[in-house]
Each structure stands twice: as structure tokens, then as C-alpha cells.
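Computed from a prediction, not measured in an experiment: that's the story for all the values here.
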Amino acid sequence: PPPPPSTALVVPALGVDPPGAAPPTPIPGLREVHVSAALLDDFLRVAAANTARGVETCGILAGVLSGGGGAAAASPSSSGVDGGSVFTITTLIIPKQRGTADTVAAEAEEEIFAAQDERGLFPLGWVHTHPAQACFLSSVDVHTQCGYQTMLDEAIAAVMAPRDVTGRRCGLFRLSTPEGLALVRDCPLRGFHAHPRPKSRAGTIYELCGHVYLNPRVGHEVVDLRGV
């Protein structure tokens with residue numbers, strides 16, 4: 001089992017898209033998510049060939065719920081939150097995908113679902129690269145995150161930006177709730193477009209995660225479905 005928060009490291013403010021420059025703060029009601037920095041490093045290695053060509057790469061972050069609750073407790077419709085339960089990201093799934101310099105989309109989603117079902121995993125978020133851009137969520141990215149976070153409030157969006165000129169190479173984000181999530185969910189537009197700012201929570205559509213911990217004791221596997 002993962003260690004208690006006192007022996008893990010809260011994710012620092014590594015990457016933001018202004019005006020969301022405030023440090024991450026815990027959000028009441030969210031269960032902790034534990035992930036190892038080694039998994040994120042492995043993702044960068046998987047993405048290296050695409051990054052060298054300036055093409056984005058994506059992966060699915062899947063894992064388990066421990067400390068009580070099970071599948072029912074993981075449901076966003078369940079009442080209350082089991083304070084003893086922790087999500088642990090144990091698996092990085094690399095799906096078949098189509099990428100460009102500023103977009104990436106997973107393909108063959110049935111293969112992703114099968115990989116998760118075979119291992120009894122929850123989809124806990126996603127990760128993608130910005131090969132030549134800063135560390136932030138684009139207007140397209142927030143729509144992708146909306147799908148994950150609608151299913152599970154704890155779901156995260158990890159951005160790896162190895163060439164960020166500020167040195168902010170990694171950011172772990174979520175849509176602000178309820179305003180940011182509702183705004184994106186109700187937005188009918190697709191592609192790159194502007195979103196209005198929410199009226200509260202510092203006026204940000206998304207924010208740095210305050211419920212994610214870098215835990216060096218968490219092991220992981222990489223499941224590459226691309227057949228390369």
C-alpha cells in the first residue's frame with residue numbers, strides 16, 4: 001500500500017497557464033492520487049521519437065483504488081468520500097494514436113478499454129507532450145480532460161513539455177470545479193477557441209492538482225498498444 005501523505009511529496013507548481021499561477025492547494029472531497037516520477041520519465045522515453053519530430057504523444061493513466069471503497073466508491077455519483085481510500089496510478093497505456101505539432105488523439109479506444117478491464121484498472125487521467133510549447137492545457141486539451149473528469153472527479157491531465165523555456169517541464173492539472181468543468185462541458189465548440197473565464201476560483205478554467213502525490217514507492221508497467 002502507498003505510504004501516508006507525510007512520507008510522499010506533494011506535486012510542486014511546475015507548469016501553469018496564467019492566470020492560474022497560484023500554488024496547488026488541497027480540495028476537500030477529493031481522494032489522493034499517487035503516481036511515481038519514474039512513470040512520467042518512462043512516458044518521455046516512449047515519446048522521444050515523436051518529440052524529436054515535433055509531434056505530440058499521448059498516454060492513458062490507469063490504476064487502482066486501495067484503502068476501502070472499491071468500484072462503488074470510485075463512482076462520481078457515490079455519496080461522500082471515503083477518507084481512507086487512495087487512487088494509485090500503476091499503468092501507463094500507450095494507445096494507437098494520431099498526432100500533430102499541437103494536437104494528439106487516441107485511436108482504437110476498444111483496445112484501451114480491454115487493457116484496463118483485463119487488469120481491473122480505473123482510468124485516472126491522461127498524459128501528453130507539448131514537444132515545442134510551454135506547459136499548459138490548450139482549449140482542445142481542456143475538452144479532453146472534461147471527458148475524464150466527468151467520469152471521475154480525481155482524474156488528472158499531465159503535460160510534459162521538455163522544451164519549455166521557463167524550465168517548467170511537467171504540470172499536473174484538473175478543471176476547476178464546479179465552474180471550469182461546467183463551462184467546458186457546456187461548450188459546443190471544437191478545435192482551438194477561446195473560453196470565457198469562470199467568475200470564481202480565481203477565474204481559471206483549470207488549476208494545478210492539490211490532491212496528487214509523487215510517490216517513489218509506486219511501481220508501474222507500460223502497456224504499448226501501438227505495435228511498434
Apply salt bridge (charged side-chain N to carboxylate O under 4.0 Å, His left out) to [X] and list each qualifying residue two or more places apart in sequence or on a separate chain.
| X | value |
| --- | --- |
| Arg119 | Glu221 |
| Asp42 | Arg45 |
| Asp224 | Arg226 |

Looking only at atom types and distance, does a side-chain atom of [X] sit under 3.5 Å from a main-chain N or O of [Y], one as donor and one as acceptor?
| X | Y | answer |
| --- | --- | --- |
| Thr88 | Thr90 | no |
| Asp164 | Cys135 | yes |
| Ser36 | Leu39 | yes |
| Glu154 | Leu30 | no |
| Thr57 | Thr129 | no |
| Tyr148 | Leu124 | no |
| Gln116 | Ala62 | no |

Can you hop from Val64 to Phe87 via hydrophobic side chains spaced under 4.5 Å?
-> no

Is the closest basic N to carboxylate O distance between Arg174 and Asp153 below 4.0 Å?
-> yes

Using the ring of each side chain (for Trp, its six-membered ring), is His128 parallel, tilted or perpendicular to Trp126, with breaks at 30° and 60°?
-> parallel

Mind checking side chain to side chain donor-acceptor pair (under 3.5 Å) for Asp41 and listing every partner two or more places apart, or none if nothing turns up?
-> none

Please identify each residue that fulfils side chain to side chain donor-acceptor pair (under 3.5 Å) with Ser139, with sequence neighbours left out.
-> none

Name the atoms and distances for all side-chain donor-acceptor pairs under 3.5 Å in residues 103-111, with sequence neighbours left out.
residue	atom	partner	partner atom	Å
Thr103	OG1	Thr100	OG1	2.7
Glu107	OE2	Arg98	NH1	2.4
Glu111	OE1	Lys96	NZ	2.9
Glu111	OE2	Lys96	NZ	3.1

Heavy-atom side-chain contact between Gln149 and Thr144 under 4.5 Å | no

Short side-chain donor-acceptor distance under 3.5 Å, Gln145 and His143 = no

